[in-house]
Amino acid sequence: MENELEVSHILQTWYKTNKRMLPWRESSDPYIIWISEIILQQTRVVQGMDYFLRFTGRFPDVASLASAEEDEVLKYWQGLGYYSRARNLHAAAKEIMEKFGGVFPEKHKDILSLKGIGDYTAAAIVSFVWNKPYPVVDGNVFRVLARLFAMDVPIDTTQGKKQFTELAGIVMDPKQAGQHNQAIMEFGALQCVPQNPDCEVCPLKERCMAYASGTVQDLPVKQNKTKTRARYFHYLYIIYRGQTWLSRRGKKDIWEGLYEFPLIETEKPMDFAGLQETEAFRKLFTGAGRLNISSDMAEVKHVLSHQVLYTTFYRVEIEKIPEALNSYLAVPYEDIERYAVPRLIHIYLEKLNGNLSE
DNA sequence: AAGACGGGGGA
DNA sequence: TCCCCAGTCTT
């Protein structure tokens, strides 16, 4: 056989005996494949599994997703992160209803035009579902190819992406695109792992240029240096006759579309005495009568990919409803759980409920 | 071409 | 701690 296809055949053979049993692999429904691919973006299989089952249980097809409220879609995404995935999923479902008559499009170009679907996901869907010859290039593929061919061009550059995509197309057996794509990703996830891969049992050992030169640990190369900034959040859990107040986070910041308690953000760390003297605090509680305040959680450090949040929760009982709260959403306590909230707030609420039942 | 966007798990 | 995970969108 041609040397070009040999790698693909080895990967496919390896795949047949080593692949994991995963629910989305039982389906050939493009909708189901789509949902699984979006959930698995930047997300491990174990982390996404429950979300996939719940999400497809509640939204089994394009029509059910399209007709849902965005808040409910976000609720099903709560805790998973990268919430634009959920918003885009919802928007794309509506697009499919309107532009494609509710039928998931089959053309690569049409699929790529949907919100939240980029090169990787479009290739995954058309190859898995219809065996179309588009190579997938995800984190696994970058790693496998970088090592196999000792490619040291950084993967997070335009040049790098172009070169790896081209190489992925050359390595792929076009007649077995779906299985090949599944195989090379699974191989990266289970065998050619980022740290300390067991190269001695690797079926591509003899062909791996990085193995030959002892550079497996150095590949792939990234030039990316993400820097994080610190932010200081002060959440006010306001209590008045069985209700509290929430607001929906807006665009151009983290957690868009999720709900949270009234928030005061400060430039610097600040204790409660300092917080009380801020304009925002005064404005929020003018007309609230006497405040009965307790801090249920000391400062919590919450780490995101580009931010570190130093957060304090204050539980504040008020005597009257201040004017400023009219711009917030009044919610009975027992309804808080209906709203999608950031993980950080979910943890706070769990702790609060735990303390109540102790 | 760079940054932003969550949260979790492994070494 | 640092790195990475079946990436995409915005600036």
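Throughout, a chain's letter reflects where its sequence line sits, starting with A, and its residues are numbered from 1.
Between A:Leu89 atom CG and C:dC9 atom P there is a gap of 12 Å when expressed in whole angstrom units. We find that CD1 of A:Ile125 is positioned 13 Å from P of C:dG7, with the value rounded to whole Å. Remark: P of C:dC9 and NZ of A:Lys251 are 14 Å apart, rounded to the nearest angstrom. Between the CZ atom of A:Phe142 and the P atom of C:dT8 there is a distance of 11 Å, given to the nearest Å. Straight-line distance from the NE2 atom of A:His346 to the C1' atom of B:dG7: 13 Å, rounded to whole Å. Rounded to an integer number of Å, the gap from A:Trp255 CH2 to B:dA4 P is 16 Å. In this structure, A:Gln217 places its CD atom 12 Å from P of B:dA11, rounding to the nearest Å. A straight line from CG of A:Leu74 to P of B:dG7 spans 12 Å, rounded to a whole angstrom.
How far CZ of A:Phe149 is from CE of A:Met209: 8.5 Å, rounded to the nearest 0.5 Å. Interatomic distance, CZ of A:Arg290 versus CD of A:Glu319, reported as 5.5 Å (0.5 Å rounding).
In summary, A:Lys251 and A:Glu256 engage in a salt bridge, as defined by a charged side-chain N under 4.0 Å from a carboxylate O.
For A:His302 and B:dG7, the shortest distance from a side-chain N or O to OP1 or OP2 is below 4.0 Å. Proximity of A:Arg343 to the phosphate of B:dG8: a side-chain N or O atom is located under 4.0 Å from OP1 or OP2. A:Trp77 has no side-chain polar atom (N or O) that falls below the 4.0 Å cut-off from OP1 or OP2 of B:dG6. Considering only side-chain N and O atoms, A:Lys252 lies under 4.0 angstrom from the phosphate OP1 or OP2 of C:dT11. Close to B:dA4, at under 4.0 Å from its OP1 or OP2, lies no side-chain N or O of A:Thr226. For A:Lys227, a side-chain nitrogen or oxygen approaches OP1 or OP2 of B:dG3 to under 4.0 Å.
In this structure, the side chain of A:Gln191 engages the main chain of A:Asp198 through a donor-acceptor pair within 3.5 Å. Side-chain atoms of A:Lys115 never come within 3.5 Å of backbone atoms of A:Glu95 as a donor-acceptor pair (strictly under, hydrogens ignored). Panel note: side chain A:Arg249, backbone A:Ile254; a donor-acceptor pair is recorded below 3.5 Å. Within the 3.5 Å criterion, the main-chain N or O of A:Ala210 finds no donor-acceptor partner in the side chain of A:Arg147. Side chain of A:Ser8 to main chain of A:Leu5: no donor-acceptor pair is present (N/O by atom type, distance under 3.5 Å, no hydrogens or angles). A:Arg87 contributes no side-chain N or O that, together with a main-chain N or O of A:Gly257, makes up a donor-acceptor pair within less than 3.5 Å. Without hydrogens or angle criteria, A:Arg143 side chain to A:Cys192 main chain gives a donor-acceptor distance under 3.5 Å. Put simply, the side chain of A:Thr43 gets close to the backbone of A:Gln41: a donor and an acceptor are under 3.5 Å apart.
Looking at which nucleotide of DNA chain B each of A:Val341 and A:Asn196 is closest to, the 5′-most match is held by A:Val341. Summary of the strand contacts: A:Gly116 and A:Lys301 both lie near DNA chain C, and taking for each the nucleotide with the nearest heavy atom, the more 5' one is attributed to A:Lys301.
Looking at residues 162-171 of chain A, you'll see that no heavy atom sits under 4.0 Å from any atom of DNA chain C. Residues from residues 149-156 of chain A with heavy atoms under 4.0 angstrom of DNA chain C: there are none.
Base contact: A:Ser305 has a heavy atom under 4.0 Å from a base atom. In this structure, A:Asp253 reaches the sugar-phosphate backbone alone: every heavy-atom distance under 4.0 Å involves primed, P, OP1 or OP2 atoms, never a base. Using a 4.0 Å heavy-atom distance criterion, A:Gln223 is classed as a sugar-phosphate-only contact. At the heavy-atom level, A:Ile38 lies nowhere under 4.0 Å from the strands shown. Residue A:Gly48 is out of contact with every strand shown, counting any heavy-atom pair closer than 4.0 Å. A:Thr157 comes within 4.0 angstrom of nothing in the nucleic acid, heavy atoms only.
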Do any N or O atoms of the protein come closer than 3.5 Å to N or O atoms of nucleotides 3-6 of chain C, and which pairs are they?
residue : atom : partner  : partner atom : Å
C:dC4   : O2   : A:Arg44  : NH2          : 2.9
C:dC5   : OP1  : A:Arg143 : NH1          : 2.4
C:dC5   : O2   : A:Gln42  : O            : 3.3
C:dA6   : OP2  : A:Asn140 : OD1          : 3.3
C:dA6   : O5'  : A:Asn140 : ND2          : 3.1
C:dA6   : O4'  : A:Asp138 : OD2          : 2.9
C:dA6   : N9   : A:Tyr120 : OH           : 3.3
C:dA6   : N7   : A:Glu37  : OE2          : 3.1
C:dA6   : N6   : A:Trp24  : NE1          : 3.4
C:dA6   : N6   : A:Arg25  : NH2          : 3.1
C:dA6   : N1   : A:Arg25  : NH2          : 3.1

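The 12-atom threshold is exceeded at CD of A:Gln276, counting heavy atoms of other residues, nucleotides or ligands nearer than 6.0 Å.
Taking the C1' atom of each, B:dA11 and C:dA6 are spaced 22 Å apart, rounded to whole Å. As rounded to the nearest Å, C:dC3 and B:dG6 have C1' atoms that lie 16 Å from one another.
Geometrically, A:Arg54 engages A:Tyr51 in a cation-pi contact defined by less than 6.0 Å to the ring centre and at most 45° from the axis.
For the side-chain contact (heavy atoms from CB on, under 4.5 Å) test, residues two or more places apart in sequence or in another chain that qualify with A:Pro60 are A:Ser64. Shown here are the side chain to side chain donor-acceptor pair (under 3.5 Å) partners of A:Tyr235, two or more places apart in sequence or in another chain: A:Glu260.
Looking at A:Phe52, A:Tyr83, A:Phe59 one by one, the single match for ring pair (Phe, Tyr, Trp, His ring centres under 6.0 Å) with A:Tyr76 turns out to be A:Phe59.
Helical stems in DNA chain B, defined as runs of 3 or more consecutive Watson-Crick or G-U wobble pairs with donor-acceptor distances under 3.5 Å: B:1-5 with C:7-11, B:7-11 with C:1-5.
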